[in-house]
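Chain naming here is simple, since letters A, B, ... match the order of the sequence lines and numbering starts at 1 in each.
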Amino acid sequence: MNHKQIEKKWQNKWLKLKNDKFDKKNLSQKYYVLEMFSYPSGANLHIGHTYNFAPSDTFARHKKMQGYNVFQPMGFDSFGLPAENYAIKTGIHPKDSINSNITKMQEQLKALGCMYDWDYEIVTSDPSYYKFTQEIFLHFYKKGLVYQKDAPVNFCTSCNTAIANEQVKDGACERCDSVVIKKNMRQWFFKITDYAEELLSGLDTIDWPEKTKAMQRNWIGKSIGCEIGFNIDIKSNKDQTIKIFTTRADTLFGVSYIVLAPEHPLVDIITTQDKIKQVKEYKGSTAKLSDIERQENKGDKTGVFVGSYCIHPFTNEKIPIYIADYCLYSYGTGAVMGVPAHDKRDYDFAKKYDLNIKKVIEGGELPFVDDGILINSNEFDGLGSDAARTKIAELLKKDGFGGQKINYRLRDWSISRQRYWGCPIPIVHCDKCGAVPLKNKDLPVELPYDVDLKQRANSPLSYHNNFINIECPKCGGAAKRDADTLDTFVCSSWYFLRYPDVNNKKKAFNSELINQMLPVDKYIGGAEHACMHLLYARFFTKAMRDIGLINFNEPFKSLVHQGLILGPDGEKMSKSKGNIVNPDKYIDEYGADVLRMYLCFAFSYIEGGPWNDEGIKSIAKFLDRVERLVDMVISASPSGDTLSSELEYTLNYTIKNANKDIENFSFNTAIARIMELVNAMYKFNDKLDTLRDTTFNLVKLLAPFAPHFCEELWKRLGHKTSIFNEKYPVCDESKLVLAQVEIAVQVNSKIISKIMIGTDWDNTKIEEAAKLDEKVTALLVGKQIKKVIVVKDRLINLIIG
RNA sequence: GCGGACGUGGCGGAAUGGCAGACGCGCCAGACUUAGAAUCUGGUAUCUUCCGAUGUGCUGGUUCAAGUCCAGUCGUCCGCACCA
């Protein structure tokens with residue numbers, strides 16, 4: 001078969017037949033299957049992209065053949081740094097490079113024969129889309145989910161912009177690997193922390209990989225503890241209180257000092273005159289450290305005494321106050337109690353600065369960090385840690401010093417980026433009115449084309465006078481637009497809600513329609529998005545529900561991660577390593593069907609692995625084998641014989657497993673079963689005339705994997721309509737009932753022999769038959785049968801002694 | 001340190017607690033062919049005195065029965081990490 005001809009032919013025909021189109025009128029049978037859209041990078045699609053798209057298309061086609069009204073759209077996440085950095089390097093404007101990249105990627109996707117309905121395409125950098133990203137931002141603003149604050153943020157020195165916590169990997173920028181420093185900047189934030197509890201509990205309601213759910217749980221980091229107020233003991237500041245958070249309130253009597261994070265606002269207030277110099281120096285030196293340096297210094301605890309003391313709420317002891325960078329300002333209250341006897345870090349710190357170490361939990365050697373029995377703790381002595389925590393929290397509450405408190409590791413999502421190629425923030429800054437949100441009618445705030453990208457001291461947009469200067473919508477005075485753009489993850493946090501109503505010009509979407517179309521039934525994409533896109537999208541869904549735009553709680557009912565395809569060297573594919581595999585040459589040589597099917601067959605889909613093209617020929621060979629078989633069947637002359645029951649069994653066994661395996665993304669085993677069927681059919685090549693119906697089924701079974709090839713064979717078999725309008729074969733269970741079956745005979749759990757039995761035999765009859773076997777008989781001489789175990793249609797085990 | 005995986009032939013990979021290695025690659029042999037390619041058929045875990053024995057990282061345990069369950073251990077990978 002000439003794959004080039006037939007692939008082109010069927011791709012065109014599918015367009016004409018509107019085969020890939022979603023039927024808007026039949027929502028009751030809708031099935032929304034979505035592959036994460038990708039960034040239109042300058043390079044071609046590599047084999048990893050093909051691996052993401054092709055097998056999930058096989059899944060979608062299978063669903064379609066099962067009778068679902070499949071909605072499978074595709075789009076491009078086209079804002080982002082790479083295009084801007086590329087523009088700085090080459091002078092080619094992001095808008096232009098993105099457009100040509102999209103065209104190229106579309107061609108490649110079409111060449112794969114994926115069943116996308118291109119009527120629903122999304123390009124996030126198109127004003128028709130980002131107009132609504134801005135509108136949603138304003139919705140969030142009105143709902144109080146957006147705020148601006150001066151805060152130390154993660155700043156990538158190479159990308160020259162702030163980035164979110166989720167985008168910092170090992171202290172470096174997730175995109176470019178450069179050093180990330182803390183920088184104080186005025187930034188916009190989304191209040192994702194408002195949803196911490198629901199983002200956590202909602203995980204129990206969705207069909208996602210356990211690993212991903214665990215990662216989100218971890219990232220949200222709920223911890224149940226206690227907040228404790230320590231009053232400060234200096235005459236001038238009697239009414240100041242330091243609030244600390246601890247999960248170990250049971251160790252409260254072991255406190256020997258209090259630590260504030262160096263950035264804590266109380267530090268300057270409580271530092272005594274004689275300590276100002278040291279404190280200032282320490283604050284300066286820690287502020288300069290990058291996250292990476294901080295982590296390297298982990299073992300070596302540093303800090304300084306600020307000169308003042310606070311009072312223990314129960315014992316009234318005087319407790320010295322320190323600042324130390326091992327206390328993080330961004331977690332809890334930015335202050336902790338130091339209990340050296342029962343915390344490794346506090347122990348190190350106390351040793352270094354010669355602080356009191358008081359044991360209050362009976363257990364092992366210090367530092368003893370497990371739960372135990374309280375000692376040296378007044379009325380709490382003898383209690384277990386768990387009970388003590390409850391009692392102490394209660395007493396603290398009664399005395400007005402604090403009480404139980406839940407803390408989350410999750411922090412608000414910083415969304416301002418000091419870059420050009422992103423969605424403009426629909427806010428105006430007026431000296432008189434402050435930050436003023438734009439009106440919906442003024443959207444979209446369009447990104448100007450003529451911007452000097454080399455200006456990098458501030459956001460590039462801040463240098464564009466026509467864009468930046470504007471009248472204040474409130475007072476009409478001179479004002480400036482926000483010069484930053486939104487994190488691209490904002491754009492991708494709601495695209496799945498836009499797809500079904502992508503041409504809506506008035507609204508982001510029609511809520512009624514979206515409530516019917518969502519949640520996404522099957523979402524497919526890389527595991528690397530676990531704590532970024534997948535978390536943000538859940539937050540957006542919940543926030544938009546509370547605003548009243550949608551009525552469901554979770555965006556993605558069921559999630560599958562495909563594995564990662566590595567380079568042939570076993571390393572992650574990257575330009576710098578030069579191990580990127582381009583799928584085009586395989587499509588050219590073998591065709592899209594062969595490549596698609598090889599990707600389905602050669603890997604366990606959720607595992608992935610190093611690319612290796614040695615087996616790709618085998619798939620080409622297999623399809624040739626199928627073609628020959630089909631052609632032989634077509635030209636066979638009738639004899640009146642009927643299909644053997646053995647083959648009927650194989651056919652239905654294949655049908656049953658192919659359906660099950662595709663549903664589970666176990667494409668490799670589904671193909672293995674179809675190969676078995678073909679092998680079995682070849683055994684009957686002297687009775688080809690009996691194979692006609694089986695051949696129809698075979699071609700249908702194979703269609704989701706090799707769509708063009710199967711369309712062609714389907715036509716050769718005399719059909720006038722597309723095979724994708726056919727129903728995928730359904731197993732006839734009655735054909736799987738055999739009269740006879742071979743089972744294993746075990747004696748004392750060892751396999752001795754195999755016998756044929758009737759499937760309707762009772763255990764006694766099976767036992768009698770087993771005993772007749774020569775080898776078994778020999779073993780039974782002079783022995784007693786103590787027990788017989790029969791596993792239906794599998795084995796019989798005789799226990800003798 | 002915390003969390004999550006994973007470990008099976010020469011290779012990719014299969015196995016609801018029930019005959020380990022499906023399917024394929026590679027390799028070997030046979031058929032067809034002047035020959036090769038292609039194709040078709042068969043074989044292919046290891047050891048073996050050909051009776052069998054041993055085999056799913058390692059050590060134990062549960063069970064009539066363990067790749068699968070449990071405990072421990074070694075190794076690899078991923079995510080988070082001074083989170084109080």
Give a yes/no on whether any side-chain N or O of [X] is located under 4.0 angstrom from OP1 or OP2 of [N].
X	N	answer
A:Ser749	B:U63	no
A:Lys169	B:C80	yes
A:Arg794	B:C19	yes
A:Asn218	B:G4	no
A:Tyr331	B:A84	yes
A:Arg409	B:A84	no
A:Asn748	B:A65	no

Starting at atom [atom1] of [X], determine the distance to atom [atom2] of [N], rounded to an integer number of angstrom.
X	N	atom1	atom2	value
A:Ile799	B:G18	CD1	C1'	12 Å
A:Lys222	B:G3	NZ	C1'	18 Å
A:Phe667	B:A14	CZ	C1'	17 Å
A:Lys352	B:C82	NZ	P	17 Å

Most 5' of A:Arg673 and A:Ile789 on RNA chain B, judged by nearest nucleotide: A:Arg673
Position toward the 5' end of RNA chain B (nearest nucleotide), A:Arg628 or A:Tyr605: A:Tyr605
Side chain of A:Ser604 - closest among B:C19, B:G13, B:C82: B:G13
Side chain of A:Lys298 (C-beta onward), nearest among B:G4, B:C82, B:A20: B:C82
Salt bridge A:Asp348-A:Lys298, side-chain N to carboxylate O under 4.0 Å: no
Sugar-phosphate only, base, or nothing, as touched by A:Cys327 at under 4.0 Å among non-hydrogen atoms: base
Sugar-phosphate only, base, or nothing, as touched by A:Asp348 at under 4.0 Å among non-hydrogen atoms: nothing
Please evaluate the base of [N] for a donor-acceptor partner in the side chain of [X] within a cut-off of under 3.5 Å?
X	N	value
A:Lys621	B:A38	no
A:Lys301	B:C82	yes
A:Lys754	B:C19	yes

Any-strand Watson-Crick or G-U partner of B:C11, both distances under 3.5 Å: B:G24
G-U wobble or Watson-Crick pairing nucleotide for B:A29 (cut-off 3.5 Å, both distances): B:U41
A:Lys405 side, atom NZ; A:Cys226 side, atom SG - distance, nearest 0.5 Å: 11.0 Å
Distance (rounded to the nearest 0.5 Å) between A:Phe601 CZ and A:Asn668 CG: 7.5 Å
Partners meeting ring pair (Phe, Tyr, Trp, His ring centres under 6.0 Å) with A:Phe622 (sequence neighbours left out): none
Closest non-hydrogen atom pair between A:Ile662 and A:Ala670, with its separation: CG1-CB, 4.1 Å
Chi class for B:G21: syn within 90° of 0, otherwise anti: anti
